[in-house]
Protein chains: 2
Amino acid sequence: MTIKDIARLAGVSVSTVSRVLNNHPDVSQDAVKKVMAIVNKYNYIPNTSARNLGMSSSDNIGVIMRGISNPFYTKIITAIGDKIEKSGYTMVMQQISTDEDELRVAAMMEKDKRLQGLILLGGHLNYTKEQVSSIGVPFVCCTFSNEYGNLNSDQYSSVCIDDEATAFSAVEQLYKKGHKKIAVLLSAVDDGSVSQVRYAGYKRALKDFNIPEDDNLIIQIHSFNIADAYHEMSKWLDKGIDFSALFCISDNMAMGAMKALRDAKKIVPDDVAVIAIDGIEASEYTNPVLSTLCQPMEHIGIKAVDVLVDIINNEGPHQHLTLPTTLREGETLR
Amino acid sequence: MTIKDIARLAGVSVSTVSRVLNNHPDVSQDAVKKVMAIVNKYNYIPNTSARNLGMSSSDNIGVIMRGISNPFYTKIITAIGDKIEKSGYTMVMQQISTDEDELRVAAMMEKDKRLQGLILLGGHLNYTKEQVSSIGVPFVCCTFSNEYGNLNSDQYSSVCIDDEATAFSAVEQLYKKGHKKIAVLLSAVDDGSVSQVRYAGYKRALKDFNIPEDDNLIIQIHSFNIADAYHEMSKWLDKGIDFSALFCISDNMAMGAMKALRDAKKIVPDDVAVIAIDGIEASEYTNPVLSTLCQPMEHIGIKAVDVLVDIINNEGPHQHLTLPTTLREGETLR
DNA sequence: ATGAAAGCGCTAACAT
DNA sequence: ATGTTAGCGCTTTCAT
């Protein structure tokens with residue numbers, strides 16, 4: 001079944017069929033009726049590849065998201081999808097795995113789908129100008145910025161929280177409760193990831209509060225996995241290093257760490273206070289409920305689309321939005 | 001940058017470029033070198049839409065998955081991806097939301113991507129023959145079968161656990177510990193979903209163990225959400241109905257329920273024993289650790305691909321695999 | 001081993 | 001309002 005068949009069966013030309021299918025004006029009610037009858041009868045579905053090829057442009061906005069497994073993105077992607085729809089565009093989403101190059105995927109999508117713009121959800125923070133130059137539509141980085149990269153801020157947009165300040169604030173919470181021996185559970189600190197940025201916030205807080213840095217209090221894993229967090233935390237606890245509080249750079253890691261603490265017979269929050277960053281749904285259901293600094297996920301998604309659509313429609317300038325986090329008190333603070 | 005430009009720049013014809021790009025034999029080393037030089041220099045990326053259009057067939061296997069938010073699929077999808085790759089095929093994955101018709105999406109993908117076969121991850125269990133007839137390549141239902149539908153078993157393949165028997169076995173665990181007042185937390189029971197099938201297992205178990213059914217012990221929500229489970233469970237607990245054990249049809253729902261129990265000052269497992277089905281990663285990190293019947297996720301993914309590839313390559317018959325679950329003891333049983 | 005040219009299924013001028 | 005036709009960027013016979 002192709003558009004040609006439909007045209008023949010309906011007794012009209014392919015262009016009329018195309019017009020009907022795309023709700024173009026200037027088609028008679030009669031034609032619409034005839035075409036739709038055949039379309040429905042044969043359950044005809046147009047070929048998207050052909051359509052994308054034939055079109056010179058589209059109303060597609062691409063969304064590239066890294067890591068299907070990250071529960072943190074769930075709400076954001078939903079918000080993005082809704083907002084794209086409401087803005088009259090069509091969302092084309094592409095999942096990529098951790099080892100894929102999002103900028104390459106972006107370049108592919110841009111051509112295949114004739115994108116008008118692009119939202120990068122998660123991702124590295126250190127693209128170079130050459131890498132970025134391969135993509136020719138406006139794009140906005142969602143939940144991350146380019147702090148350690150060397151892009152000009154007029155080359156891209158971003159919508160995210162201030163990861164450094166949020167980490168600072170997390171440590172501050174701990175400090176205000178009287179904690180001085182504050183361990184940190186983090187991931188890589190040299191790859192421009194949020195882990196690195198949040199670590200910077202941790203360090204600045206220590207400095208501000210006149211707490212000397214102590215390498216023994218740094219627990220590092222090489223992922224953001226709950227299982228890795230659990231195992232590494234367990235190993236670290238075996239060392240018997242003295243500490244009274246733990247700052248985890250993500251909720252997910254905190255959940256792994258809390259089990260390790262439980263295994264080690266450390267009561268949270270009596271023996272150890274715990275705080276994290278993200279505010280994913282699952283961490284509301286831990287026992288005790290995790291105290292964390294919540295990202296405004298829905299707001300982030302909506303704003304990312306807003307910014308992008310503004311750039312597309314009004315050729316507005318690139319923007320960099322920093323959204324505030326909110327503290328979820330939880331039960332792991334003391 | 002199109003294949004034409006590359007051809008011109010490399011001083012060869014488009015067909016030669018196409019051959020090089022697709023690793024066809026019968027291309028001179030010299031041609032390969034020339035073409036690749038240009039391709040790399042300009043970072044040329046072929047247009048997938050055009051490629052799909054031009055090709056009469058492909059090595060694409062489609063994977064349609066419902067609900068990005070379901071952590072249960074994470075491991076399965078990874079296994080599927082690996083196995084498809086190893087089998088020499090290419091995975092094209094498509095996310096769909098709960099309200100989209102997967103069979104329609106399947107029909108689209110089949111044409112757009114020239115699929116060889118299709119894997120449906122999650123989904124309803126009650127397709128009709130007409131619905132299925134719109135898709136023309138072999139497909140396998142992954143994690144669900146068609147128990148309440150009216151398909152012939154030679155129209156599709158399936159790889160899943162025996163949901164009914166697993167639910168039975170869950171209740172059996174509770175019964176063996178001496179429980180008679182066994183509440184059940186479930187979702188819809190009239191839509192052919194796993195909820196319905198697992199509910200059937202629950203009922204059969206009660207019957208087998210001579211426990212009368214009691215509507216008061218049925219807690220129903222209209223999703224598989226952790227938040228909905230929490231709220232509905234809380235509301236139910238307010239009623240003060242007497243019970244000593246809880247069977248949740250999914251881990252996720254169990255996590256919500258456990259918080260409700262905690263809020264109600266019910267100690268798990270001392271006051272209430274809890275068991276569920278699925279075995280997602282997060283439920284290993286609850287406090288106490290959830291007792292559950294684990295699905296062999298990786299195995300499910302691998303087998304789904306195996307079955308499909310066998311059908312594609314060898315025109316083998318459709319198969320229906322039932323894989324065993326394993327009990328994770330956890331800490332919520334007593 | 002390589003090139004020319006005919007599609008693949010659709011959209012979008014351009015004509016009428 | 002409708003039809004004709006030339007692409008869109010690629011693959012794939014069919015020649016050579």
Side-chain angles (χ1 to χ4, degrees), chain A residues 1-36 38-39 42-60 90 92 107-116 136, chain B residues 1-36 38-39 42-60 90 92 107-116 136:
Chain A
M1 267 296 153
T2 74
I3 200 174
K4 246 180 174 164
D5 300 316
I6 302 293
R8 183 170 37 77
L9 260 22
V12 297
S13 73
V14 289
S15 31
T16 298
V17 177
S18 176
R19 287 186 187 106
V20 171
L21 259 24
N22 295 288
N23 297 312
H24 281 204
D26 291 354
V27 219
S28 68
Q29 279 308 309
D30 185 52
V32 173
K33 224 177 271 172
K34 280 193 294 189
V35 169
M36 289 315 291
I38 304 294
V39 164
Y42 292 91
N43 213 285
Y44 164 72
I45 299 175
N47 183 310
T48 322
S49 294
R51 155 172 290 188
N52 284 332
L53 239 202
M55 279 184 322
S56 46
S57 80
S58 79
D59 56 357
N60 291 340
T90 303
V92 266
M108 287 183 60
M109 280 183 84
E110 182 192 334
K111 305 172 69 177
D112 293 353
K113 315 291 187 190
R114 315 246 183 224
L115 299 185
Q116 295 297 105
Chain B
M1 266 298 155
T2 74
I3 200 174
K4 244 180 176 166
D5 300 316
I6 302 293
R8 183 169 38 77
L9 260 21
V12 297
S13 74
V14 289
S15 26
T16 299
V17 176
S18 176
R19 288 185 186 105
V20 171
L21 259 24
N22 294 289
N23 298 311
H24 282 202
D26 291 356
V27 221
S28 68
Q29 277 308 309
D30 184 51
V32 172
K33 224 177 272 171
K34 280 193 295 188
V35 170
M36 288 316 292
I38 303 294
V39 165
Y42 292 90
N43 212 285
Y44 165 72
I45 299 175
N47 183 310
T48 322
S49 293
R51 156 171 288 188
N52 283 332
L53 237 202
M55 279 185 322
S56 45
S57 81
S58 80
D59 56 357
N60 290 341
T90 302
V92 265
M108 289 183 59
M109 281 182 81
E110 181 191 335
K111 304 172 70 178
D112 293 353
K113 316 291 186 190
R114 316 250 184 220
L115 299 186
Q116 295 298 105

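In what follows, every chain begins at residue 1, and chains take the letters A, B, ... in the order their sequences are listed.
When the nucleotides D/dT2, C/dC10, C/dT2 are ranked by their closest atom to the side chain of A/T2, C/dC10 comes out on top. Across D/dC10, D/dC14, C/dC10, the shortest atom-to-atom separation from the side chain of B/P46 is found for D/dC10. Each of C/dT11, D/dT11, C/dA13 was ranked by its minimum atom distance to the side chain of A/N22; first place goes to C/dT11. For A/A31, the side-chain atoms get nearest to D/dT2 when compared with the rest of D/dC10, D/dT2, C/dT2. For B/T16, taking side-chain heavy atoms from C-beta onward, the closest of the listed nucleotides D/dC10, C/dG9, C/dG3 is C/dG3. Comparing C/dG9, C/dA4, D/dT11 by their nearest atom to the side chain of B/S13 picks out C/dA4. Comparing C/dG3, C/dA12, D/dC10 by their closest approach to the side chain of B/Y44 singles out D/dC10.
Ranked by how close their nearest DNA chain C nucleotide is to the 5' end, B/M55 and A/S56 are led by B/M55. Toward the 5′ end of DNA chain D lies the nearest nucleotide of A/V27, the other residue of the pair A/V14 and A/V27 mapping further downstream.
A sub-4.0 Å separation between OP1 or OP2 of C/dT2 and a side-chain N or O of B/S28 is present. Using a 4.0 Å cut-off, some side-chain N or O of A/S18 falls inside it from OP1 or OP2 of C/dT11.
As judged by a 4.0 angstrom heavy-atom cut-off over every strand, B/N47 is placed among residues touching the sugar-phosphate backbone only. Among the protein residues, B/N52 comes within range of no part of the nucleic acid, since none of its heavy atoms lies under 4.0 Å from any strand.
One donor-acceptor pair, N or O on each side, does fall under 3.5 Å between the base of D/dG3 and the side chain of A/S15.
Between the CG atom of A/L9 and the CD1 atom of A/I6 there is a distance of 6.5 Å, given to the nearest 0.5 Å.
Of all heavy-atom pairs between A/L21 and A/V39, the closest is CD1-CG2, 4.1 Å.
Taking 4.0 Å as the cut-off between side-chain N and carboxylate O, B/K33 and B/D30 do not count as a salt-bridged pair.
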